[in-house]
Amino acid sequence: MPPGFGDFQLARISGEDVGDLEDVRLLDSYLDGSDALEEGMKRIQVRVTGMTCSACSTSVEGALRSLNGVLSASVALLQNKADVVFDPNLVKDVDVKDAIEDAGFEAEILDESNSYKTKNSGALVGQFTIGGMTCAACVNSVEGILRNLPGVRRAVVALATSLGEVEYDPAQIGKDDIASAIEDAGFEASFVQSSGQDKILLGVAGVCSEVDVHLLESIISTLKGVRQFRFDWTSRELEILFDPEVVKSRSLVEGIEKGSGENFKLHVTNPYTRMASKDVAEATNMLRLFTSSILLSIPVFLIRVVCPRIPLIYSLLLWRCGPFMMGDWLKWALVSVIQFVIGKRFYVAAGRALRNGSTNMDVLVALGTSASYFYSVFALLYGAVTGSRSLPTYFETSSMLITFVLLGKYLESLAKGKTSDAIKKLIELAPATALLLIKDKGGRCIEEREIDALLIQPGDILKVLPGAKVPSDGVVVWGSSYINESMVTGESDPVLKEVSSVVIGGTMNQSGVLHIEATRVGSDAVLSQIISLVETAQMSKAPIQKFADFVASIFVPTVVAMALVTFFGWYVAGVLGAYPEDWLPKNGNYFVFSLMFSISVVVIACPCALGLATPTAVMVATGVGANNGVLIKGGDALERAQKVKYVILDKTGTLTQGKANVTAVKVFNGMGRGEFLKLVASAEASSEHPMARAIMDYARHFHFFEGSENQKDPNFGWLMEASEFCALPGRGVQCFINGNQVLVGNRKLLIENGIEIPSHVENFLIELEDSAKTGILVACDRELVGVLGVADPLKREAAVVVEGLVKMGVKPVMVTGDNWRTARAVANEVGIHEVMAEVMPAGKAEAVKSFQKNGSTVAMVGDGINDSPALAAADVGMAIGAGTDIAIEAADYVLMRNNLEDIITAIDLSRKTFTRIRLNYVFAMAYNVVAIPIAAGVFFPWLGLILPPWAAGACMAASSVSVVCSSLLLRRYRRPRLTTILEITVE
């Protein structure tokens, strides 16, 4: 039965076609500034089938980049994916797909809505019915209201049709907010549809006949918001395009199931599961081809080697049947099937490569096997015409060669599959189902229902049982329990979760029952973003791979030239009598002798090992890093990190715990301690600085030391009103309280405002700073009132990690906005000798550049917004403790745990990865340098060493597998522990 198809044309929305709903991500963007999408650009990913080596990926990249409008194109051989950024006004998705197919490969555009990839941000165009408008003045009034709403880019209202069309940014305003604004203006409003489009792929159980298909189609036709659907009878998969502003995916599933009387059962198809199944299918297909080839090759081998020793069978093979003997007929028939049916893939791949002006491994295999096969056919026909059997046949060479190459391809596909184990493990962390709690208006639970975890929506209340996985990112609304977050953050100790605590999807609940409210689902979830980051990193190319790509581009023509030189060298030397005839094989001649050497040269040379050396290692390393809580943004970040000479560390929140505490309070003008703290807390209430929070906590404790519900009030009720508040980076804050100017900050702030600091106050500040505490000065109405001493404890591992970095040959540097005395005291405590203090946020980037001047590679470790310029300026930026969204966007490494040990893990892993990559290249190059001369017979005159073509094919297959297995050894990586860090030495 052909696939069912339905298509609904909704009322046309005028205006330009706009992008998908903008994603709001917890970990924000994973792309560097260089990779971020320019305005108006679109990014898609395409699955490319048929690539066999780096020459193929280069060919696909060339075909894509030749399209007018394509900004960038990157092809990942191991993942069989292409990442394409283009101008949608010049190039369409189908043009990208056609370009890949024209290059001779199969292409499938990957679905964005059900994947964990970042969608293109953009505006939506929503259509609203507006009732109550009577004249042009009403239209102008509604348009004016809409255009003043935040996030609304364009608004047009038509009186005749009572319709309004609003272009808005869904990240800033929703359709309900727009409708409410219209109603607040005195009109009636209801949402009709939007330009947004989402897609869901569902597996359908219960469809057994054509009647069921028609029932399914009729049910979907009645559902609001459905734009298009297609049911594939073969795979029992239902693909639905719908308007996410009108209907949600769970409502679609529930509507279809209820409409069928629960006869149809639907489940969401996980995009990664589909892709994994395709990879398994590819490996299975390779195994089937290899099995078929070896089953047909064994009889050919027996006819040539074993049967001549069994008189009865040999006599049957010598029986003449037409122009040939029975044995020749059998070998020809069997090898023809192997050559052109089983080996068809090599001809197809070689043909498409040659059509695109490139060459790859398939060209070499097709060339070598064809030379052996067609020579053998020629020898048979020559014998039939002349009546002599002076020319031997080598059918078994062709069959065994294809068999060994297929074996190598099968083993290579299995090994390459293991390189993506990290992503598979991350995917498996997400539970398949979730317990949804249905509550009445009074908040009482009236129903508990199990749903597909991929159908969870923001706002859902979910029940998490002991021993179950948390199904979604969310906030605890009831209960308490310990949760093991090691699978996501790498933190081994269980974390206590109580009401208002944030939980991460995929983590394991250990003891109590929790009720959580889902906040971020799908591509917004932390686990999804980690998977996205790992995938993006695995698709990126390390700069060192350019060498392999260059070698691959000239490799095959060079090998073919060497094979021709080998053939003519041996043939001419034989004709001229340069070597004795007893070197020739039985019934052989100079042509056959030379041909076998040249075929061996063609098939033993392997460009695949070079092409796999870098991507397999990067793929394994990024996966290993993710398992250890170190998220790496790509091969280029890995390559830079292994060359780091300086690590610049921010003080607050990086070297210290980021949990400041007030340890000293001294008032100098006779003001009461409580009144002083009230004044300072009122000034700091609007600040988000860690020290401001510490002062607020201390002041709150002073006023409510027995605890109070007022603690949850951000204004505490007892604070004075502060006006004209202004945060001054690197100095402090200023505001007005009761008409008096209040300044809270460092010396620089008071000096700039002309306030003198008495000597006894200066002495108190020096005493604080010498003990690694920060002194905060408070002035009111241009008079210095008092000083607070704030201490931020160092992380327990800080000193050991600093010493470990030194042992690794990396120089640690501390950069802080704090004063010099406090900075030096902290630096001395952890063992850092190079310090830069009183540095403004913009100055941190300049500090990074100062260390880069001599060509050194510099890493910056930070956690806050004020660190993002320095993180972006550094060669390697590391955001620690999951940091802030802006810090993560600017960083190359994301250290999920708030632990300095991960800095050493990141550098150590990058060094070990590139040591492995260099070993892979040495092996791949050495293999070709040694193997090709042996295959060409360079050592034959002295050692009698000859390599038959089938053995050369086996060596070629083994070389690729061995390189992949070498990269897989990185899976055994274990991050250095504190007890072993100090044993690390510079290599």
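Just the heavy atoms: all of them, side chains too, but no hydrogens, waters or symmetry mates, feed the values below.
- In plain terms, the two heavy atoms of L638 and A621 that are nearest each other are CD1-CB, 4.0 Å.
- The main-chain N or O of G505 is found under 3.5 Å from a side-chain atom of D473 such that the two form a donor-acceptor pair.
- Contact of the I755 side chain with the L777 side chain is not registered, since no non-hydrogen atoms from C-beta on lie closer than 4.5 Å.
- W820 approaches M836 most closely through the heavy-atom pair CH2-CA, 4.0 Å.
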From CA spacing to verdict: side-chain contact (heavy atoms from CB on, under 4.5 Å), T816, L649: CA-CA 8 Å; T816 179; L649 300 151; over 6 Å; no
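- Within 6.0 Å of NZ in K645 there are 12 or fewer heavy atoms belonging to other residues, nucleotides or ligands.
- Two residues are said to be in side-chain contact when any heavy atoms from C-beta on lie closer than 4.5 Å; K651 and V830 fail this criterion.
- Looking only at side-chain heavy atoms (C-beta outward), V75 and K81 stay at 4.5 Å or farther from each other.
- Considering only heavy atoms from C-beta on, V680 stays 4.5 Å or farther from V665 through its side chain.
- A heavy-atom distance below 4.5 Å is found between the side chains of T857 and V644.
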Candidate pair L749 and L728, rule side-chain contact (heavy atoms from CB on, under 4.5 Å), full reasoning: CA-CA 9 Å; L749 178 64; L728 305 169; 3.3 Å; yes
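- Taking CD of E762 as the reference point, atom CD1 of I766 lies at 4.5 Å (rounded to 0.5 Å).
- Within the model, atoms OG of S682 and CD1 of I695 stand 12.0 Å from one another, a figure rounded to the nearest 0.5 Å.
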Derivation and outcome, side-chain contact (heavy atoms from CB on, under 4.5 Å), residues V848 and Y646: CA-CA 9 Å; V848 169; Y646 291 94; over 6 Å; no
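- Pairing each heavy atom of D83 with each of R43, the nearest pair is OD2-NE, 3.1 Å.
- Between T774 atom OG1 and E769 atom CD the span is 7.5 Å, to the nearest 0.5 Å.
- In this structure, the side chain of Q172 does not engage the main chain of P150 through any donor-acceptor pair within 3.5 Å.
- Side-chain contact between R747 and L765 is present, with heavy atoms from C-beta onward closer than 4.5 Å.
- Between K643 and D875 there is no salt bridge, since no side-chain N of the basic residue sits under 4.0 Å from a carboxylate O of the acidic one.
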Test log, rule side-chain contact (heavy atoms from CB on, under 4.5 Å), inputs E846 and V815: CA-CA 11 Å; E846 293 301 319; V815 176; over 6 Å; no
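- Residues V826 and L794 meet the side-chain proximity criterion, which asks for heavy atoms closer than 4.5 Å.
- Between L970 and A617, the shortest heavy-atom contact is CD1-O, 3.7 Å.
- Between atom OG1 of residue T663 and atom CG of residue D792 there is a gap of 11.0 Å, rounded to the nearest 0.5 Å.
- Among N628, T913, D908, the one residue that satisfies the side chain to side chain donor-acceptor pair (under 3.5 Å) test with Y973 is D908.
- Listed here is the closest heavy atom pair of Q852 and A873: NE2-O, 3.1 Å.
- Scanning all heavy atoms of the two residues, the minimum distance from D770 to A825 falls at O-CB, 4.0 Å.
- The CG atom of L805 sits 13.5 Å away from atom NZ of K811, with the distance rounded to the nearest 0.5 Å.
- Remark: T622 OG1 to I632 CD1 distance equals 6.5 Å, nearest 0.5 Å.
- A donor and an acceptor atom, one from each side chain of Y893 and D902, are nowhere located under 3.5 Å apart.
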